[in-house]
Structure formats: structure tokens, C-alpha cells
Colleague: 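Mind looking over this structure? Questions follow.
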Amino acid sequence: MLRTIIAGLKARTARLVLSSVAIALGVAFVTGTLVLGDAMNASLRDEFAKSARNVDVSVTVSGEPSSAEEVRGITPETLAAIRQAPGVAGADPRDSNTVPLLTGNGKAKTAWAVSLASNEKLREFDLVDGRYPTANDEIAVDRRTATTAKLTIGQPVVLLGKGDVRHTYTLVGTYQQGTNSLSLSGFDHVGLTPEAFQALEPERPPYQVVATAAAGFTQQQVADNVRKAIGDQGYRIQTGDELTKETLERVESQAGEFTTVLLAFAIIALVVAAMVIYNTFTILVAQRTRELALMRCVGASRGQVFRGVLAEALVMGLTASVIGLFGGIGVSALLQRVIFSFDGGEGTVRLPVTVTTVLAAFAVGTLITVLAAVLPARKATRVAPVAALRSQPDSGEEVSRTGVLRVLTAVLFAVVGVGGVVFGMNLEDEDAAMLISGAGTMALLAAVLVLGPLLVGPVNRVLGAVPRALLGVPAKLASANAGRNPKRTAATTAALMIGVTIVSLVTVVANSAKETANAEIDQRMPADYTVTSAVYDRPLPKELADELAAVPEVERVAPTTVVYGERGYFTGVPQDAIGTLFRPNATSGSLADLREGTIAVNAEYAKREGVSVGSTVTLKEGGSNESQQLKVVAVVEGQRLSDGIMTAETAQRFPRAAEGYDSILVKLEEGVTNGRAAVEKVTDPSPLALVDSAAETKEQLNKQLNQVLGFIWALIGLAVVIALFGIANTLTLSVLERTRESALLRALGLTKGQLRLMLVVESVLMALMGAAIGLLLGIGFGWVITGALSNDTISVDLVVPFGQIGVMLAGAVVAAVVAAALPARRAARTSVVAGMAEA
């Protein structure tokens with residue numbers, strides 16, 4: 001039996017290799033994801049471990065300040081006590097904060113400043129060029145910042161301190177920041193001496209002190225001595241080992257989230273690949289009916305036949321696993337390069353291949369292939385020996401009977417799916433609505449997959465009408481072939497249908513969100529320009545609004561402020577701007593009653609906090625013990641700027657809002673064409689002021705959504721590629737199966753070109769079946785998800801991007817033509833005489 005299996009593998013090498021491609025791609029995706037996750041984890045561990053290297057004791061501030069006047073931090077007296085504790089060889093404060101960094105055009109952008117330890121062993125970063133700053137007028141920057149800002153050693157670097165005071169430093173060195181948590185924030189990164197850092201905000205003490213132990217002292221001994229020296233009230237004292245463990249646990253959590261997302265797409269690719277393999281073995285078993293029957297005639301048992309088919313699957317799975325393992329390493333390297341491109345091209349490609357990854361590759365590839373072959377292998381055992389005594393039956397005889405069990409299963413999935421969708425769309429909680437509605441759509445997708453054989457006939461007749469009318473006999477034959485075996489066609493197109501459904505679903509939801517956000521920007525912000533601060537925690541100076549209002553081209557301005565309460569944040573706007581430059585929609589109460597001492601809350605906040613018109617809201621700004629009692633005069637919707645709005649006079653009661661403006665809305669005079677130049681003439685002298693228009697805001701939003709959409713298209717695109725391989729594979733096996741039939745058609749007058757055309761049209765019809773059903777499902781599921789996303793605050797309208805859908809359909813047609821090229825060439829080259837002789 002073993003020799004028979006080996007001989008069969010040799011005879012069908014080409015077919016099995018082509019079939020292995022699908023599973024190899026799926027394994028490559030899984031392997032690439034695992035290698036990427038391990039690479040990210042290793043990189044993050046290395047970089048985060050730098051924050052704990054050589055640290056024997058860490059003292060961190062814990063708890064909240066007991067009063068508004070109290071500023072929690074490490075005082076100079078506490079730092080001195082730590083340094084004098086027995087066993088402490090050296091200790092340095094560690095702190096970080098956002099700070100405005102002036103660029104070459106004089107505008108500020110957010111940078112993350114850190115206090116570099118004076119003790120060389122306690123520095124978190126690795127020097128690349130130059131040296132670390134030793135004087136208070138010197139600065140170092142991370143390598144990425146030096147590249148993006150085009151800074152070289154010796155150049156001046158300007159930071160804005162408290163009150164926008166300019167601090168100028170000389171750049172003396174660059175260091176490697178890598179994938180440190182601060183780098184992940186996307187900010188530029190600068191390092192200063194502890195004294196220079198403290199000078200930026202003199203009243204702000206550091207939050208942490210790290211120390212190294214003297215020779216002969218353990219970490220625990222030093223930690224105990226520090227605790228005795230300063231006490232542990234209000235401080236968290238850790239040994240270096242405890243700090244390292246805590247840091248690495250946080251790292252693994254961050255890396256794991258990204259890996260989980262990729263694995264979700266890898267599972268989709270594997271499901272599609274499993275369907276392709278299942279269909280392949282089903283066809284192979286159908287084609288080998290006579291061969292299997294002969295094996296039974298010469299003494300092979302049912303078990304031997306079953307094991308023989310599974311042995312072929314095992315060999316295919318092992319081969320695909322090897323290819324997929326190496327392919328996955330390449331996929332990981334490519335994904336890392338893509339990630340580095342978003343981070344200025346900085347980073348080292350890591351390819352850690354662990355035993356777990358290798359075992360996973362072989363387990364997944366082999367297991368998926370063998371499981372996909374189980375049902376066809378069981379079917380092979382049912383071939384009666386008498387089948388060897390007659391001609392090879394046409395596999396189309398297995399034909400279109402659809403069992404009661406299939407229908408009942410489809411009905412069950414449909415009932416669950418409809419119930420999930422209806423229930424989910426009526427939930428108020430967005431997350432729960434998305435989860436339940438999404439699960440409902442997946443159940444409906446399963447129902448369609450189960451009913452696939454019943455759908456093939458009607459869909460084939462509709463899609464084949466135009467080719468039959470335009471291309472004549474070859475197209476009629478192609479349409480007949482596509483519908484000849486509904487189960488096989490359904491299995492072939494199902495893989496593509498899954499991929500297209502998910503792609504179109506994501507595309508519809510993304511475009512709906514994009515258009516809804518654009519409409520929201522137009523509706524709620526009719527201003528021509530919005531002036532905002534380049535640094536989120538630095539308000540715009542109040543005099544800037546007066547200067548803009550004095551510009552002849554400007555009709556009016558509306559400065560806004562933000563009040564950050566303990567349970568939400570609220571926007572303060574001038575009373576005369578409500579209804580003109582600021583247009584919330586009141587669902588209850590009246591915005592005409594909005595005056596000093598009152599507030600309008602959005603519908604979501606009202607539900608969350610259980611308030612309504614007439615209620616009193618108590619607001620206390622973070623860090624302050626003083627609270628304000630505000631009466632609710634309206635509940636609004638249609639704007640998501642904040643949890644509510646108040647007048648500018650009311651906002652001035654809160655300390656942070658009184659410091660300056662969060663933004664300034666600018667409305668130009670009618671007919672003004674050069675308004676931006678006039679506005680920028682006023683804002684240019686201010687390093688913090690950035691001018692933005694509604695069009696620019698929408699463009700930036702669209703760009704971000706398109707990047708996300710492109711990333712998802714790339715991930716799910718692998719499943720689509722696997723599905724197209726499945727179509728090519730099915731068509732190739734079908735050509736081999738129909739060798740005699742093709743020769744007969746040639747003998748009856750069909751030309752080589754018409755035979756090739758027939759196969760191309762057949763491939764296109766199968767691709768269009770999967771793509772068309774997938775698009776309809778994707779659009780329908782998109783409607784469900786957009787409905788689940790809608791709430792009292794915002795309504796997400798369904799937007800169907802017909803242009804992108806057209807591209808998907810065109811891509812399916814082109815791919816189908818390519819998939820049919822080799823099978824069509826093989827069929828056309830087969831001799832008529834040799835084909836007629838095929839048994």
C-alpha cells in the first residue's frame with residue numbers, strides 16, 4: 001500500500017503542488033504574524049529594558065494630591081535622603097513632559113523632553129553621535145528627530161518653557177530611542193540635563209528617582225534602606241527586578257494586541273485555504289473513482305483507501321508547511337519594513353524563529369490540510385469495487401441534490417443571524433451593538449455558504465446571460481460547465497466570496513464613516529478657518545482672537561475653551577457664536593436659555609449621567625477642589641466636540657480655561673478670496689498658532705481612514721489571492737477531468753480559440769459568482785454595522801463606494817482570466833486523438 005501511495009504521489013505531483021500553494025500562503029501568513037510578534041516583543045523588551053537596566057531601586061510618586069495647591073513629586077530633600085541612604089552608589093531624578101519644539105519655520109510642534117541622568121549607568125538610551133549634554137545650555141535629540149527635523153550637531157535648538165519663554169540650546173549629540181514607549185507616542189524626543197529640564201517648569205518636581213547599589217549590597221537591602229530614609233507614605237519603592245518584571249509585562253501586552261489583530265486575518269486566510277484544499281481533494285477523489293475501485297478489487301480495505309488519501313494530504317500539508325515557514329519569515333521582514341517606513345525608516349529587521357513558531361507552522365499547515373481531506377477521504381471509502389468495471393462516471397452525476405440537513409442548517413444560521421442583527425442594532429451601547437450585530441452578520445454569511453449549491457444555478461443563469469448573448473456557443477458551454485456541479489462550483493466560489501465580503505464590508509463602513517465625519521465637520525464647523533495650538537496642553541494667547549477680529553477680511557471670530565471635568569470635558573463658546581459658527585441641535589430645552597451659569601449637555605452624556613433639562617450638574621476641574629453648580633438648559637446632538645457646551649463667561653470660572661483659548665473659529669467676509677493670507681499674517685508671529693480649514697481637516701481625516709483601509713485591504717487581500725488560486729486549481733483539475741469531453745468538442749468543430757474562450761468565460765463566471773455574492777453581502781453587512789454605530793449623538797449614513805466596488809469586480813475578472821490561462825493553454829494543446837482515447 002505504501003508503494004501505491006508513493007506511486008500515486010509521483011503521478012499527481014503537479015496537481016498536488018498547485019494545491020499546496022493555497023495552504024502554503026495561509027501558513028506563511030500565520031508564520032509571518034508569529035515571527036513579527038516575536039520580533040516586536042524582542043525589540044520592545046530590549047528597548048523597555050533600557051529603562052530598568054542598572055536600576056537597583058526605583059522610587060515613584062503614588063497617590064493623588066490632597067489639595068489644589070499641593071504638587072506631588074520628589075522634593076530636593078527626598079532626593080538628598082535617597083542619595084545618603086546606606087548602599088546607594090548613585091541616584092538621579094527621572095522625569096518627562098511634553099514641550100513645544102520650534103521648527104525651522106518658527107512654528108512649534110510637540111516634543112517629549114526627558115531628564116537625562118548624570119550617572120552614566122542610569123541613562124535609558126544609547127549614544128549614537130557626539131556626546132550627552134553636560135551643561136544646561138546643551139541638548140541631545142533622538143536619531144529619528146535629528147533626521148526628520150534635519151538637525152546636525154552644533155546647531156541651535158529652541159524649546160518653549162513656561163509662559164512661552166524661549167530656551168535655546170546647542171545640539172551636542174544624538175541617541176538611539178528605538179521602540180521605547182515614548183517613540184510609540186509619535187512625538188519628537190529631546191534630552192536635557194536635570195537642571196535644564198527643571199528650568200522649563202521650575203515648580204514641577206520629578207515623579208521618579210532611580211538608584212544603583214554600591215558593591216556588597218543587594219537590591220532588597222538598598223530598597224529597605226531607602227524606605228527607612230524617606231518612609232513609604234506616598235511613594236512606591238521597587239527593586240530593579242520588580243521594575244523590570246512590571247515593565248516587560250506591559251511590553252508583552254502591547255505587542256500581543258497587534259499580533260492578535262494580525263492573527264485574526266491569518267485565521268481568515270487559513271479558513272479560505274482549507275476550503276480550497278477540501279474542494280481539491282473532493283475533485284481528486286471524484287476523478288479517481290475507477291482507480292480507488294480497482295484498489296478495492298485487488299484487496300485494499302476501506303481503511304487502507306482512507307489512510308491512503310489522508311497520506312497524500314499529509315505529504316501535501318508537510319510540503320506546504322515548509323514553504324509557508326520560509327515564506328512567513330519573508331512576510332515578517334516585509335511587514336517590519338512597512339512599519340519602519342511609518343517611523344522614518346528607522347529600525348532593524350529581526351527574524352526570531354522560535355520552536356513554537358516552527359511547530360505552529362507545521363501543526364497549522366498539516367492539520368488544516370488533513371482535516372480538509374477527511375470528508376473526501378471518507379467518500380473515497382464508499383466507492384464500490386463494481387465501479388472499476390464501468391467507465392469513469394462523470395462527477396457531475398453527484399449532482400445537485402441538496403439534503404434536508406443542509407437546508408435545516410442554513411435556516412438555523414439564518415435565524416441566529418437575523419436575531420443577532422435585530423437585537424444588536426437596537427442596543428444603545430456602541431461596543432455591544434457592534435459585537436452582537438457583527439456576530440449576526442457572520443452567522444448570515446455561514447447560512448449563505450451552506451446554501452451555496454442552491455444559489456449557483458440562479459446566479460449562474462443571471463451572470464451568464466450577457467456572455468451567452470455576445471459570445472455564442474463557447475459562452476453557452478462555459479455557463480453549462482459552471483452550473484454542471486453546483487456543489488463543486490459553490491465550494492470553489494465560497495473562498496472568494498468570504499474574502500470579498502470582508503473587503504467590501506470594511507470598505508463600506510470606512511467610507512460611510514468618512515462621509516459622515518465630513519458632513520459633521522461641515523455642519524458643526526461652518527467657519528472658514530480654525531486656529532488651534534500646535535501643542536495640545538498649551539492654550540492660544542487671548543490677544544490673538546482680538547488681533548484676528550481686527551483683520552478687515554474677517555467677519556467674526558469665535559474663541560473656544562475647554563473645561564476638563566472629572567466626568568467629562570466641555571466646550572466654552574461665545575454666546576453670539578451659537579447658531580452661527582457653532583450649530584448643535586437641541587433635542588430638548590432651548591439654546592436661547594444658554595447663558596452664564598448654565599450648560600447644554602449632549603444626549604450621550606445626559607444618558608450616561610442621568611441628567612435632563614432642569615437638572616443641576618456639578619463640575620470640578622481636574623486638580624481643583626473648587627466646584628461649580630451649573631443648570632442644564634438643553635440637551636443637544638449632532639456634534640461630538642465634547643460632552644456639552646457652555647458660554648465663554650461660564651468657562652472663565654475654571655482656572656485652565658481662563659489661561660487661554662483652545663481654538664479660534666474664523667469666518668471671512670463675503671467674497672474674500674485671499675483670506676488665508678490675511679489670517680496667517682496675524683498667526684505667523686505666534687509659534688503655537690496653526691491655521692486649519694474644514695477642507696484640510698477632512699483631507700487629513702480621509703488620509704488616515706484610507707491608510708487604515710489600505711492596511712486591511714492588504715491583509716485580507718491574501719485570502720482573496722488564495723481563493724483565486726482555488727479557482728485556478730479547480731479549473732486545472734476540471735480540464736484534466738474533461739479531457740475526453742474537450743477532445744469530442746474539438747472533433748465536432750470547436751476551435752482551439754473557442755475552447756480557450758470557453759474556459760476563460762467559465763473562470764470569469766465562477767469569479768463573478770463569488771465576487772457578486774460577496775459584494776451584496778458586504779454592502780448589506782455594512783448597512784448593519786453602520787446602523788449599529790449610529791446613536792443619539794450621531795447618525796452614520798450608509799455610503800456605497802461604487803468606484804471601489806467597480807475596481808474589485810474588474811480585479812476579479814482580470815484575475816479570473818489570468819487563472820484560466822494555463823488550464824486553457826493545456827486544454828487547447830491536447831491532441832484530439834489522444835483526448836478521445838482517454839478512458
Colleague: Relative to each other, are the rings of Tyr175 and Phe125 parallel, tilted or perpendicular (30° and 60° limits)?
Modeller: parallel
Colleague: Would you mind reporting whether Leu798 and Val508 have side-chain heavy atoms less than 4.5 Å apart?
Modeller: yes
Colleague: Flag the pair Asp643 and Arg608 as a salt bridge only when some basic side-chain nitrogen lies within less than 4.0 angstrom of an acidic carboxylate oxygen.
Modeller: yes
Colleague: Any side-chain heavy atom of Arg94 within less than 4.5 Å of one from Tyr207?
Modeller: yes
Colleague: Nearest 0.5 Å, please: how far is OG1 in Thr60 from CZ in Arg236?
Modeller: 7.0 Å
Colleague: Among residues at least two apart in sequence or on other chains, which ones pass ring-ring contact (aromatic ring centres under 6.0 Å, His included) with Phe570?
Modeller: Tyr605
Colleague: Compare all side-chain heavy atoms of Ser58 with those of Gln208 and state whether any distance is below 4.5 angstrom.
Modeller: yes
Colleague: Distance-only check: which donor-acceptor pairs under 3.5 Å involve side-chain atoms of residues 149-158, not counting sequence neighbours?
Modeller:
{"residue": "Thr152", "atom": "OG1", "partner": "Gln155", "partner atom": "OE1", "Å": "3.1"}
{"residue": "Gln155", "atom": "OE1", "partner": "Thr152", "partner atom": "N", "Å": "2.6"}

Colleague: Check whether Thr587 reaches the backbone of Val635 with its side chain - one donor and one acceptor, N or O, closer than 3.5 Å.
Modeller: yes
Colleague: Does the side chain of Leu619 come within less than 4.5 Å of Leu630's, by heavy atoms?
Modeller: yes
Colleague: What distance do Asp188 atom CG and Lys109 atom NZ have between them, rounded to the nearest 0.5 Å?
Modeller: 4.0 Å
Colleague: Just how far is it from atom CG of Asp528 to atom CG of Leu665, taken to the nearest 0.5 Å?
Modeller: 10.5 Å
Colleague: Look at the aromatic rings of Tyr564 and Tyr569 and report parallel, tilted or perpendicular, splitting at 30° and 60°.
Modeller: parallel
Colleague: To the nearest 0.5 Å, tell me how far His189 NE2 sits from Thr174 OG1.
Modeller: 13.0 Å
Colleague: Tell me, with the steps shown, if Glu201 and Asn97 meet side chain to side chain donor-acceptor pair (under 3.5 Å).
Modeller: CA-CA 10 Å; Glu201 289 193 57; Asn97 196 16; 2.7 Å; yes
Colleague: Is there side-chain contact between Asp593 and Ser590, with at least one heavy-atom pair below 4.5 Å?
Modeller: yes
Colleague: Only one of Asp684, Ile664, Leu548, Val557 forms a side chain to side chain contact (heavy atoms under 4.5 Å, CB included) with Val679, so which one is it?
Modeller: Leu548
Colleague: Can we say Arg595 and Glu649 salt-bridge, meaning some charged N sits less than 4.0 Å from an Asp/Glu carboxylate O?
Modeller: no
Colleague: Using the rule given for side chain to side chain donor-acceptor pair (under 3.5 Å), can you reason through Thr618 versus Gln629, listing the C-alpha separation, both sets of side-chain angles and the distance that settles it, and then say yes or no?
Modeller: CA-CA 5 Å; Thr618 302; Gln629 304 286 329; 3.0 Å; yes
Colleague: Would you check if Pro687 and Leu102 make a side-chain contact, meaning some heavy-atom pair closer than 4.5 Å?
Modeller: yes
Colleague: With rounding to the nearest 0.5 angstrom, report the CD to CG distance, Glu553 to Leu668.
Modeller: 8.0 Å
Colleague: Taking side chain as C-beta onward, heavy atoms only, is Phe197 less than 4.5 Å from Val114?
Modeller: no
Colleague: Just wondering, do Val672 and Glu555 contact through their side chains at under 4.5 Å, heavy atoms?
Modeller: no
Colleague: With a cut-off of 6.0 Å (strictly less than), are more than 12 heavy atoms of other residues, nucleotides or ligands near NZ of Lys542?
Modeller: yes
